[in-house]
Amino acid sequence: MAEQMYLEFPIKLQHVEAFKELCNSAIGFALTKKQPGFVSAEWMISTSEAGSKRLHLRDKWGSSTRWWEYMQ
């Protein structure tokens, strides 16, 4: 049974572009997708009415064990 993980955290405005570049780089989500047990991921950066930014990430893994191995 697949396990899902949802993560949400703020990003300082001055770091948004660098963070996007990291996510799209060879050591970002491209590397995550190669991990054993990885199923899928979706991510986005939202902007509040006040202008603050937040990352939203949803990962799906084949099992919680595989996710914990990846996190190690």
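Residues take their numbers from the sequence shown, with the count starting at 1.
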Just list the side-chain donor-acceptor pairs under 3.5 Å for residues 9-22, sequence neighbours left out, or say none.
none

Please say yes or no: joined through hydrophobic side-chain contacts below 4.5 Å, possibly via intermediate residues, are L7 and W67 part of one cluster? yes
Verify the cluster assignment for F29 and I27: are they in a single hydrophobic cluster under the rule of side-chain heavy atoms below 4.5 Å apart?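 Different clusters: F29 never reaches I27 through Ile, Leu, Val, Met, Phe, Trp or Tyr contacts under 4.5 Å.
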By side chain to side chain donor-acceptor pair (under 3.5 Å), which residues pair with [X], not counting sequence neighbours?
X: E69; answer: R66
X: S25; answer: none
X: K60; answer: none
X: R54; answer: E8

Report the C-alpha separation of S46 and H56 in whole Å, then their side-chain angles, then the decisive distance to 0.1 Å, and conclude whether the side-chain contact (heavy atoms from CB on, under 4.5 Å) test is met. CA-CA 8 Å; S46 66; H56 304 265; 2.7 Å; yes
Any side-chain to backbone donor/acceptor pair from T47 onto G51? Under 3.5 Å, distance only.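 Side chain of T47 to backbone of G51: no pair is present.
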Determine whether R58 and Q4 satisfy the following criterion, side-chain contact (heavy atoms from CB on, under 4.5 Å), listing intermediate values before the conclusion. CA-CA 7 Å; R58 185 179 315 276; Q4 292 191 47; 3.4 Å; yes
Please report the closest heavy-atom contact between S64 and E3, naming both atoms and the distance.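 For S64 and E3, the tightest heavy-atom pair comes out as N-CG, 3.2 Å.
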Using atom types as modelled, flag every donor-acceptor pair under 3.5 Å from a side chain in residues 32-44 to any protein atom, sequence neighbours excluded.
unit_1	atom_1	unit_2	atom_2	d
T32	OG1	Y70	OH	2.7
Q35	NE2	L31	O	3.1

